[in-house]
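Written out below as structure tokens is the structure these notes cover.
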Amino acid sequence: MNQKTQVGIIGAGPSGLLLSHLLHLKGIDSVILEARSRKYVEERVRAGVLEQGTVDLLSDTGLGDRLRREGLVHHGIELRFDGRGHRVALSDLTGGRSIWIYGQREVVKDLIDARLAAEGTIHFEVDTVNLSGIDSSSPILNYQKDGRDFELNCDFIAGCDGFHGVSRDSIPAGILRTYHHVYPFGWLGILAAVAPSTEELIYAYHERGFALHSLRSPEISRLYIQVEPDEDINNWPDDRIWQELSTRMATEDGWTLETGPVLEKGISPMRSFVVEPMQYGSLFLAGDAAHIVPATGAKGLNLAVHDVHQLSEALIAWYREGSDEPLRQYSSNCLDRVWRAQDFSSFMSLMLHRYSDDDGFRSRLQRSQLKYVCGSEAASRSLAENYVGLPHI
Ligand code: FAS
Ligand code: PHB
């Protein structure tokens, strides 16, 4: 069965959904093809921190009501090491910019609700998506749904299908330059039905490894510990996780971590990954399809938002003014911010994670860096402006 749309989008994660929403607001039609079910996509636990710029864009495009009602504004984070906490006053250091705590899955739910309310087209549970004609001005997406074959004729294709998607690999060999660094550690994350034991996020450096106390609401905590990259989650019963978190975040003044039922747990690898360019012919990559950052900098989702904002503006210029310059500049318009996020996420990861092969040299550098960031206004301002998101890159 043949279908037609202006922009074919692969993936109903934050990238694909937000792109479809932004295009719809300017009267540009799109169709989203998603491999998983709506339930799966809406329940996936991932990012939790939204930069000021992300919140502003969502609010400015009609998606801010529940976010501003249920999201939590934060004006600082804590770096904790040697049994003591050091607050980085994000808003004081950045002229009032802040971060918001609002789970990625809430963003996804709001986007799906908005697209369906506007009668947008999202095909969930599709199979065998295949791209062809991406070196032409009439690319095609072939896919199956409920055992039937479909052909979607497009003007453009947006590859918003994440790190393991199909779009990046559809680009002919020899076109892309790939940069890939795998860190020698992973993160074990839990979602727990317990009130957070802190007002603001705690990034803890400890000889046993990194730990992070984040949250999702006044009733739900989100916490992580550094583990081996190939760690088996079955080695981590809930009690062991809570014990490790308490040990790694302990302070001299007897701070205590409240524990509670673990609703979900999982282990994620940590990698830095970028492809250049982020486009080929009529195919444009956005979000995790083009780049992955270690979650230590809380940048993944925010970078995806920046990509699709750039891509939507370029597509709107093409359809409204016939100008193809913004589309030709899409990749270069994104990569400055991609590499800034890569550098910041790498900086936070290298500073806060323990290395099993450390002979003491690396841990001394890490402590020196932590003391400098916590003791120097210039150094803490640099961390703060990267964390809340630089407005001009
Ligand atoms: P996504 O991966 O979210 O979405 C891609 C979509 O494409 C998926 O729904 C997938 O099912 C679909 N898809 C894939 N292949 C397809 C195909 N062949 N056909 C059709 N559909 C296909 N970022 C942070 O900032 N903080 C965090 O704490 C954090 N934690 C994370 C934990 C995990 C386990 C992971 C994997 C990522 C985490 N991230 C975090 C990064 C994450 O938030 C991403 O940056 C964000 O999801 C990017 O959104 P998308 O680009 O839409 O990709
Ligand atoms: C989260 O809340 O999931 C979170 C917060 C900060 C990070 C990473 C993840 O750096």
Side-chain angles (χ1 to χ4, degrees), residues 8-20 32-38 40-51 54 72 74 77 99-105 107-108 111-112 122-131 141-145 158-170 186-191 196 200-203 210 212-217 220-224 264-271 273 285-308 311 341 344-345 348-349 352 387 389:
I9 298 173
I10 311 171
S15 296
L17 290 164
L18 181 56
L19 177 62
S20 182
I32 300 177
L33 303 180
E34 168 55 52
R36 310 300 290 248
S37 68
R38 175 175 179 179
Y40 179 90
V41 168
E42 289 188 338
E43 291 182 355
R44 212 166 25 193
V45 179
R46 283 194 170 164
V49 173
L50 303 185
E51 290 177 355
T54 296
L72 302 169
H74 280 201
I77 59 172
I99 57 165
W100 288 63
I101 301 297
Y102 190 68
Q104 173 172 323
R105 63 177 176 180
V107 175
V108 166
L111 281 164
I112 290 175
I122 309 174
H123 295 306
F124 291 101
E125 298 181 274
V126 303
D127 294 309
T128 59
V129 172
N130 181 64
L131 297 80
L141 285 171
N142 290 96
Y143 65 97
Q144 288 185 325
K145 182 157 172 64
C160 300
D161 46 349
F163 183 65
H164 300 289
V166 67
S167 57
R168 189 176 65 243
D169 293 342
S170 302
W187 277 15
L188 187 161
I190 63 171
L191 198 67
E200 296 177 328
L201 272 62
I202 300 170
Y203 287 79
F210 169 76
L212 169 60
H213 191 329
S214 184
L215 57 143
R216 288 292 178 270
S217 74
I220 301 288
S221 293
R222 176 68 164 159
L223 303 107
Y224 300 89
E264 181 155 332
K265 58 181 165 184
I267 293 176
S268 308
M270 299 291 264
R271 72 176 87 239
F273 176 84
L285 305 177
D288 280 16
H291 42 68
I292 296 286
V293 286
T296 328
K299 290 299 164 199
L301 171 57
N302 297 291
L303 212 41
V305 167
H306 180 264
D307 288 350
V308 296
L311 182 53
F344 176 66
S345 303
M348 290 287 279
S349 299
L352 288 161
Y387 197 90

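In listed order, ligands and their atoms are each counted from 1. We're numbering straight along the sequence, starting at 1. The figures here come from the full heavy-atom set of this structure, side chains too, leaving out hydrogens, waters and symmetry mates.
Looking at P269, S268, G16, G297, it is S268 that brings a heavy atom closest to atom 34 (C) of ligand 1. For atom 48 (C) of ligand 1, the candidate residues are V308, D288, L50; the nearest heavy-atom contact is made by D288. Between atom 24 (C) of ligand 1 and the options S15, G186, A47, the minimum heavy-atom separation is to A47.
Checked for salt-bridge contact, R38 and E125 miss the test: no charged N lies under 4.0 Å from a carboxylate O.
There is no protein heavy atom less than 4.0 angstrom from atom 39 (N) of ligand 1.
Side-chain atoms of H291 and D307 include a donor-acceptor pair closer than 3.5 Å.
Among protein heavy atoms, atom 3 (O) of ligand 2 sits closest to Y224 OH, 2.6 Å. Here the protein heavy atom with the shortest distance to atom 5 (C) of ligand 2 is V49 CG2, 3.5 Å. In terms of protein heavy atoms, atom 25 (O) of ligand 1 is closest to G300 N, 3.2 Å. Scanning the protein for heavy atoms near atom 6 (C) of ligand 2, the closest one is Y203 OH, 3.3 Å. Among protein heavy atoms, atom 8 (C) of ligand 2 sits closest to A295 O, 3.2 Å.
For ligand 2, the polar-atom distance check finds an N/O of S214 within less than 3.5 Å of one of the ligand's N/O atoms. Of the N or O atoms in W187, none lie within a sub-3.5 Å distance of an N or O in ligand 2.
Residue-level proximity to ligand 1 for R44 is carried by the side chain, the only part with a heavy atom below 4.0 angstrom. Under 4.0 angstrom from ligand 1, the non-hydrogen atoms of I10 all belong to its side chain. Contact annotation: for L212 versus ligand 2, heavy atoms closer than 4.0 Å belong to the side chain alone.
Note that R271 lies outside the cation-pi zone of F273, set by a 6.0 Å cut-off to the ring centre and a 45° limit from the axis.
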